[in-house]
Amino acid sequence: MRRPISKLFVVWVALSVAMAAQVAGSTPELTKDEWPVAMLESAGLAAKPLRDLETAVRAGEFKKIGSVLIARHGKLVYEGYFEGDAGTPRDTRSATKSITDVLVGIAIDERKLSGVDARILQLLPERARRMQNPDPRKDKITVEDFLTMSSPLECDDWNDASRGNEERMYIVEDWAQFIIDLPIRGRMHLGEKIDQPPYGRYFSYCTGGVFTLSEVLQKATGVRTDRYAHEKLFAPLRITDEQWFYSPMNIPQTGGGLRLSSRDLLKIAQLYLNGGTWQGRRVVDGAWVRSSTQPHARIDDDTEYGYLWWLKSFKSAGKSYPAFFMSGNGGNKVLGFPGLDLAVVITSTNYNTRGMHEQTEKMLTDYILAAVSQ
C-alpha cells in the first residue's frame, strides 16, 4: 500500500524548487546593518544575466571569486557568495585606499585639517628634522600630492626597481620615515622641451604616500586613525567589524589591507553615490565627494585618477557607463555608477595573477551591466 505524501514535504519541495529557480533574483536578507533591500525587477535589473554569471563562476570560468553584490537606487538587490558568506571579512588590498580619502574629507570638514594644500613636512616636523636627501621640493609636498599619487618622491609600486616600492617599505620598521627619506624622482625625455602632463600631475602609484597620510590624520585630529575612522565613518554606516593592518610601529595602514565585509564595502560606494550621506545622515561633505571623484591625474588613455578613486568608463552592449571605483590586487572592485545610480562590489583572491582585473571587468561588463534593463 502506497504511503501518502505529507503536506509538509510537498511544501518543502515547492520552496526548494522556487529558491533554486531564482537564486539571482531573490531579495537579499534584511539585517541589522541598515541596508534596505528590494527585488531585482523592481530596481530595473534582469535576473537572467546574473543567473548566467553565477553559472559561469561555479563552472570555473572566473577564478577565485569571493562575492558579487549590487545596489540600485540605494537598495541592495543582489548578493552572491562563492567563497565565505555575508560576514566574511574581505581582503581587497589597495581597494581600501579610497577610505583614506573619506577620512581626509571628514577631517577637512571638521577643520582639523586645513585643506588639501596642507604641507606634509609642516604637519610632521619630527620627520622633517631627521629627513635624508633634503630638497626644497620636498618641503612643498602636500596632502593632495599623496591623494593623487603625484608627489615628486621616487616612489613607484609598479616598478620593481623603484627605491620607494612598497615591498621595500615593509621590511623596515619606520614606514613614514622611509617615504619621507626618498630622493626626488627623475624622468628622461626626448628633446629639450618637456610636455606638461594632463592636469599638471605625473601619476606614480605609491602606497607609502597613502600610508603617510595615517600619521598626518593622527597629527591633525589628535586621534589614531583607526579610532577616528570608527567614530566618524564606520559607526554612522553601522560598520562594526573592521579589521586593520598596522605598521611595526603600530600605525594603522591606510594604504590598503583594511578588511571589511562585502556589504560594508558596498556602503562606501553608496555613500559617495549619495553625495556623502547614508540613510539621510550627512557623513562627509558633498563638495568633497565631487572633488574626490573628478580627475586630478591621468593614468592612461582610458583611466584617470581622483583623490584615491579610480575613474573610468565601462562599455556594455554598445553603451558607455562612467564610474568611480576602488581597486585592489586580486581584481577587487568597489564601483559607483552615478548615471545608473548603481553600486557594485566584486571581491576576488586572484592576487598577483595575470588578467586579474580583466576578469572582474568582464564580469562587470558582460553580466552585471548587461542586467541593467532600465
Side-chain angles (χ1 to χ4, degrees), residues 27-40 42-45 50 66-81 86-87 89-90 92 95-103 105-106 109 229-230 232-242 258-294 306-312 314 321-328 332-347 360 364 368-369 371-372:
T27 305
E29 182 183 357
L30 183 63
T31 63
K32 65 180 181 180
D33 67 1
E34 289 191 350
W35 259 116
V37 299
M39 293 292 291
L40 279 170
S42 68
L45 274 78
L50 299 177
S67 63
V68 177
L69 277 72
I70 304 171
R72 187 103 196 265
H73 306 314
K75 295 181 179 180
L76 182 63
V77 296
Y78 173 83
E79 55 183 338
Y81 297 100
R90 306 289 173 176
T92 57
T96 49
K97 281 182 170 69
S98 305
I99 289 173
T100 305
D101 161 72
V102 186
L103 300 178
I106 293 172
D109 190 46
H230 184 81
K232 302 296 182 177
L233 175 61
F234 296 147
L237 267 58
R238 296 292 294 273
I239 295 174
T240 59
D241 298 320
E242 67 270 22
L258 171 64
R259 298 187 179 190
L260 298 170
S261 73
S262 301
R263 279 190 168 207
D264 289 343
L265 287 164
L266 193 66
K267 287 179 179 179
I268 304 299
Q270 189 64 54
L271 175 70
Y272 267 42
L273 276 178
N274 294 347
T277 64
W278 172 256
Q279 301 298 305
R281 175 178 176 177
R282 173 65 59 187
V283 178
V284 61
D285 182 62
W288 178 259
V289 172
R290 291 190 294 274
S291 183
S292 296
T293 54
Q294 68 183 32
Y307 288 164
L308 301 178
W309 289 90
W310 303 74
L311 309 172
K312 183 177 179 178
F314 295 90
Y321 301 98
F324 57 83
F325 61 102
M326 306 155 68
S327 182
N332 290 285
K333 294 280 189 295
V334 179
L335 310 101
F337 291 86
L340 297 174
D341 197 12
L342 183 79
V344 178
V345 165
I346 304 173
T347 65
T360 49
L364 179 71
I368 298 170
L369 290 176
V372 181

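This is a predicted model, so every value here is computed, not measured.
Side-chain contact check for Y321 versus V372: every heavy-atom pair is 4.5 Å or farther apart. Looking at heavy atoms from C-beta onward, L271 lies out of side-chain contact with V289 at the 4.5 angstrom threshold. Looking at heavy atoms from C-beta onward, S262 lies in side-chain contact with Y81 at the 4.5 angstrom threshold. Side-chain atoms of V102 and Y272, non-hydrogen and from C-beta on, do get closer than 4.5 Å to each other.
Among all heavy-atom pairs drawn from K232 and P236, the shortest one is O-CG, 3.5 Å. The two residues L308 and S98 have their closest heavy-atom pair at O-OG, 2.6 Å. Taking both residues in full, the closest heavy atoms of A86 and S261 are given as O-CB, 3.5 Å, listed atom of the first, atom of the second, then distance.
For S327, the side-chain contact (heavy atoms from CB on, under 4.5 Å) partners two or more places apart in sequence, or in a different chain, are W310, F325, K333, H357. Judged as a side chain to side chain donor-acceptor pair (under 3.5 Å), and not counting sequence neighbours, the contacts of R263 are T31, D33, E79. Annotation: salt bridge (charged side-chain N to carboxylate O under 4.0 Å, His left out) contacts of K267 (sequence neighbours excluded): D264. Residues satisfying the side-chain contact (heavy atoms from CB on, under 4.5 Å) test with A71, not counting sequence neighbours, are W35, L266, Q270, A343. A search for side chain to side chain donor-acceptor pair (under 3.5 Å) contacts involving D285 returns nothing, not counting sequence neighbours. Residues passing the side chain to side chain donor-acceptor pair (under 3.5 Å) test with K75, sequence neighbours excluded: none. With sequence neighbours left out, T92 forms a side chain to side chain donor-acceptor pair (under 3.5 Å) with no residue at all. D109 pairs by the salt bridge (charged side-chain N to carboxylate O under 4.0 Å, His left out) definition with nothing, not counting sequence neighbours. Residues that satisfy the ring pair (Phe, Tyr, Trp, His ring centres under 6.0 Å) test with Y307, not counting sequence neighbours, are W288, H296. With sequence neighbours excluded, the residues that form a salt bridge (charged side-chain N to carboxylate O under 4.0 Å, His left out) with R238 are E34.
We find the CG-CG distance between L335 and L369 to be 8.5 Å, quoted to the nearest 0.5 Å. Remark: L273 CG to L342 CG distance equals 8.0 Å, nearest 0.5 Å. Expressed to the nearest 0.5 Å, how far CD1 of I268 lies from CG of L260 amounts to 6.5 Å. Rounded to the nearest 0.5 angstrom, H230 NE2 and T240 OG1 are separated by 7.5 Å.
For residues 275-284, no pair satisfies side chain to side chain donor-acceptor pair (under 3.5 Å), with sequence neighbours left out.
Evaluated for a side-chain contact (heavy atoms from CB on, under 4.5 Å) with Y78, the options L45, L40, I368, V37 yield exactly one hit, L40.
Under the 3.5 Å distance criterion, the side-chain polar atoms of R72 are matched with a main-chain donor or acceptor of A43. Distance alone, capped at 3.5 Å, places no donor-acceptor pair between the T347 side chain and the N332 backbone.
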Assess the residue pair L50 and I70 against the criterion (side-chain contact (heavy atoms from CB on, under 4.5 Å)); give the C-alpha distance rounded to whole Å, side-chain angles, the decisive distance to 0.1 Å, and a yes or no. CA-CA 10 Å; L50 299 177; I70 304 171; 3.9 Å; yes

